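To keep things clear, I will list the structure first and then write my remarks on it.
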Amino acid sequence: MLQLKNLRKTYHVGDTVTHALDDVSISFRDKEFVAILGPSGSGKTTMLNIIGGLDRYDSGDLIINGKSTKNFKETDWDAYRNNSVGFVFQNYNLIPHLSIMDNVELGMDLSGVSAKERREKAEQALIKVGLKDHMHKNPNQLSGGQMQRVAIARAIANDPDILLCDEPTGALDTKTSVQIMDLIKDLSKDRLVIMVTHNPELAKKYASRIVNFKDGKILSDSDPYNGEEKADSFELKRTKMSYWNAIKLSFTNIMTKKGRTILTAFASSIGIISIAVVLSISNGFQQQINTTMSKALAQYPVAITATATDLTSGPQNTSTKIAKNNGYVTAKQDQSEQSSHNNTITEAYVNYVKKINPNYANNISYQRATNLNLLSNNNGKISRVQFSNSDPNAGQSVAQMRSQAMSSMGIGSSVFPTALNKNKHSFLKDNYHILAGTWSSKATDLVLVADNNNTVNINSLKNLGIDVKNGEKINLNKLVGKTFSIVSNNDYYQELPTGMFVPQKANKSMYNSGKKLRITAVIRPKSEDSMQLLATGIAYSDRLTQQIINENKNSAIVKAQRKSNTSVLTGQRLNKTEKKQIMQTLGGSSIPTGIMIYPNDFDSKDKVLNYLDKWNKGKSKKDKIIYTDMSSAVTTMTGGLLNGVTIILIAFAAISLITSMIMIGILTYTSVLERTKEIGVLKALGARKKDITRVFDAETFILGVFSGLLGVAIGYFLTFPINSIIYRLTDLSNVAQLNPVHALILIIISTVLTLLGGHLPARMAAKKDAAIALRSE
Ligand code: ADP
Ligand code: MG
């Protein structure tokens, strides 16, 4: 039972006060067909809206099944509209961009009925109103009467207790009106129908009870009801629109204005496009710079050599002023001499360097003066060989050895850098590729290095015992797999009765006693940049040298040399340094003469230098190890400049993003105005404020994602012409490249910004008064 008790509703517009409902009290039976008659402006619609929960009364009470609505909260009214009331309006109020079926299902969407059940109920309702054959049409394909039938189907689909019809035949011709009245009359068998009408004849013919209205008051009632107030038997099921439904509703709406949507999305994607382009270009340049720089770093490592220039020592004379004639001249040491520093590389220092973080410098090479006692076997002919031009060999003079040690900075070392972490940058693999064979993995594996033109220094080949003439071509197969024997000091040198040592005559048994080395690959530089890294000829790993040192450190010759201050090979007197060096050539010392550290990239270089500086902290000048940063000439300025320019460009592009955001806000606001009716309908069907916000948020969400995707796509396609321009200008190919991560972030930014831009109008939409929204034309 529905009961109105002393209901009042007053509108204040300026100084005018309208008593739309002026102390209305009336009760309705659970099943009857009530017609409300009355002149225009007498408060009929107001009463209907209040009964339907679309509008609120000022005072009095509305009692539903014994429950007072005085303390109803917003959500209670929402649920009441959805569960208990069906609305039919004069102008149908169908949502034009939804299909008939979707229109009918809308209310059930809100009450969370399953898709299958929704579809069944909607079909039943449509059959009931006689639209069986028009079920799959769109609202704009129907006549007025048919549209009103759809509206009725929508109102009864959820099987409400109360059907409220506000002049349902007001826009229809007489014949159609009769049909609609028949339908409504039929529906009133199962429920309370309250119908407002202008037409007294129709009312008399169809309604079971006629109520006359005037100036917000009931004039007459043909069949008053004074039923006893029942106990509260009122129940509500809360409503909720799913995100999916909100998106569907907005998507179909957007699809009805494709042109405008595409234009807006395009306009608002311009910010995204510009950022995407700036990012992809700067990204590309950064990458180019990085590769150039790491190539440069491969050539100019951080070197720790026997002597270094200590730039920090002594004041730098930078004065260019001309001094007065004082009548004297000052004796002064040369700058370079003054700052010359002897590095004493120790075991501890070598271990410290080895602990460097492989993420900063993965490749380290050690210069060692260690002699390799090498023999080759060419068809049974055993002979001594050398691996490189400068390889110190037995019988070399101390002077030669010293120059070897001094030039240990030597790019063109035959020992290639060792990777600290095998899974990271490998010096060889980064800078060389294979002409034949496979990459070496064992300490005893050797590589033969050729240069860019596939040539190898003839002396290097001759040193290996390969008899070649200048210009002769040697098949790669002949080189890969070639073996050598490396003989321990004890087998190699013979001690004379004088206590001196001489190398023994090379013979088969000596060859057989040695450790076998094998050329596993012939390699050559990947590009011109890496040409200078290793001299042509044999290159081997430091592990080999270390094995040799381990084997020879306690050999007879090393023991003898350790005790003597003259060379056990030549008899020459040795000073302290010379003795140290000869010990190194004989493998008696594991301390390298020099260390070269290859930073992974420019940023890492600073970390490496910091690490090396840390060693010197608190050490006396003598014990300090001064390194030479060979790449210091190659500046990082370009990188920094690029970052600066990128940030400025992005900042500019970001301004257009703000513009897009405002634009989306305006568009959403327009959409809110356009969809005012729809908001009213949704509310009439039980949508909460939240749901309405959700619908418009969904619309901006779709727009945001779409304009983000569009922007990223356009940005991506722009990289092609941009690359061809850059290629023509700079010869650099494929500079502009859009990083997929950046693309994703841009889409997210676009979505978030448009959501922000559209959220305010969406909130405004939610606040719209449903009754006013439905009155609007
Ligand atoms: P009816 O449906 O009987 O034609 P209404 O219920 O629509 O009448 O209106 C009753 C009175 O309330 C009218 O005078 C109308 O102008 C006034 N009214 C209705 N809604 C509003 C509103 N939102 N603001 C001010 N006045 C209103
Ligand atoms: Mg009205």
Side-chain angles (χ1 to χ4, degrees), residues 260-297 600-606 634-668 700-759:
R260 183 167 94 186
T261 308
I262 288 171
L263 271 180
T264 321
F266 177 65
S268 59
S269 69
I270 285 170
I272 299 289
I273 295 173
S274 23
I275 295 180
V277 166
V278 170
L279 277 179
S280 45
I281 294 177
S282 87
N283 226 12
F285 271 119
Q286 192 63 57
Q287 257 171 33
Q288 296 274 358
I289 288 168
N290 286 349
T291 22
T292 318
M293 294 214 169
S294 47
K295 273 179 193 158
L297 281 170
N600 295 349
D601 51 51
F602 253 94
D603 291 338
S604 313
K605 194 189 79 179
D606 291 337
V634 189
T635 61
T636 54
M637 194 197 76
T638 31
L641 191 71
L642 189 71
N643 281 342
V645 172
T646 309
I647 289 169
I648 291 170
L649 288 178
I650 288 181
F652 273 110
I655 293 173
S656 55
L657 268 186
I658 304 293
T659 319
S660 328
M661 196 172 134
I662 294 169
M663 228 167 51
I664 295 282
I666 295 169
L667 186 90
T668 314
T700 46
F701 173 78
I702 295 168
L703 259 175
V705 172
F706 184 58
S707 57
L709 284 172
L710 193 71
V712 164
I714 294 176
Y716 172 72
F717 285 115
L718 279 177
T719 58
F720 294 100
I722 287 171
N723 276 337
S724 86
I725 292 170
I726 293 178
Y727 182 68
R728 235 174 285 156
L729 292 177
T730 65
D731 241 17
L732 297 172
S733 61
N734 279 327
V735 168
Q737 266 167 21
L738 185 58
N739 181 337
V741 176
H742 289 169
L744 189 72
I745 292 174
L746 284 176
I747 293 172
I748 293 171
I749 288 178
S750 160
T751 312
V752 170
L753 283 186
T754 43
L755 266 178
L756 284 177
H759 190 64

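We're numbering straight along the sequence, starting at 1. For clarity, every value in this text was computed on a predicted model and none was experimentally measured.
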- Task: Identify the heavy atoms of Ser269 and Leu710 that sit nearest to each other, and give their distance.
- Result: OG-CD2, 4.0 Å
- Indicate the atoms forming the closest heavy-atom contact of Ala276 with Leu738, along with that distance. O-CD1, 3.8 Å
- Flag the pair Thr719 / Val277 as yes when at least one side-chain heavy-atom distance between them is below 4.5 Å, and no otherwise. no
- Query: How far apart are the closest heavy atoms of Ala267 and Met663, and which atoms are they?
  - Reply: CB-CE, 3.3 Å
- Any donor-acceptor pair under 3.5 Å from Ser750 side chain to Gly704 backbone: yes
- Item | Nearest heavy atoms of Ala653 and Ser274, plus distance in Å | CB-OG, 3.7 Å
- If you round to the nearest 0.5 Å, how far is CD1 of Ile662 from OG of Ser268? 12.5 Å
- Ignoring hydrogens and geometry, is there a side-chain-to-backbone donor-acceptor pair from Thr730 to Tyr727 under 3.5 Å? no
- Message: Working to the nearest 0.5 angstrom, can you tell me the gap between Phe706 CZ and Thr264 OG1?
- Response: 10.0 Å
- One should read off an interatomic distance between Thr754 OG1 and His759 NE2, to the nearest 0.5 angstrom, of 13.0 Å
- Query: Taking Ile749 as the fixed residue, which of Ile275, Leu657, Leu744 is the one that meets the side chain to side chain contact (heavy atoms under 4.5 Å, CB included) rule?
  - Reply: Leu657
- Interatomic spacing from OG in Ser282 to CD1 in Ile650 - rounded to 0.5 Å: 6.5 Å
- Message: If you apply the rule side-chain contact (heavy atoms from CB on, under 4.5 Å), what do you find for Asn283 with His742, and how did you get there?
- Response: CA-CA 10 Å; Asn283 226 12; His742 289 169; 3.9 Å; yes
- What's the verdict on side-chain contact (heavy atoms from CB on, under 4.5 Å) for Arg260 and Leu667, showing C-alpha distance, side-chain angles and the deciding distance? CA-CA 10 Å; Arg260 183 167 94 186; Leu667 186 90; 3.9 Å; yes
- Message: Can you tell me how far apart CG (Leu746) and CG (Leu279) are? Round to the nearest 0.5 Å.
- Response: 6.0 Å
- Do you know which two heavy atoms are closest between Phe285 and Val735, and how far apart they sit? N-CG1, 3.7 Å
- Message: Could you tell me if the side chain of Ile714 sits less than 4.5 Å from the side chain of Phe266, heavy atoms only?
- Response: yes
- Side chains of Ser707 and Ser660: closer than 4.5 Å at any heavy-atom pair? no
- Which one of Ile745, Thr751, Val752 satisfies the side chain to side chain contact (heavy atoms under 4.5 Å, CB included) criterion with Ile748? Val752
- Message: I need the minimum non-hydrogen distance between Ile726 and Ile281, along with the two atoms involved.
- Response: CD1-CG2, 4.5 Å
- Mind checking the CG-CD1 spacing from Leu703 to Ile664? Nearest 0.5 Å is all I need. 4.5 Å
- Query: Tell me, do Leu753 and Met661 make a side-chain contact under 4.5 Å, heavy atoms counted?
  - Reply: yes
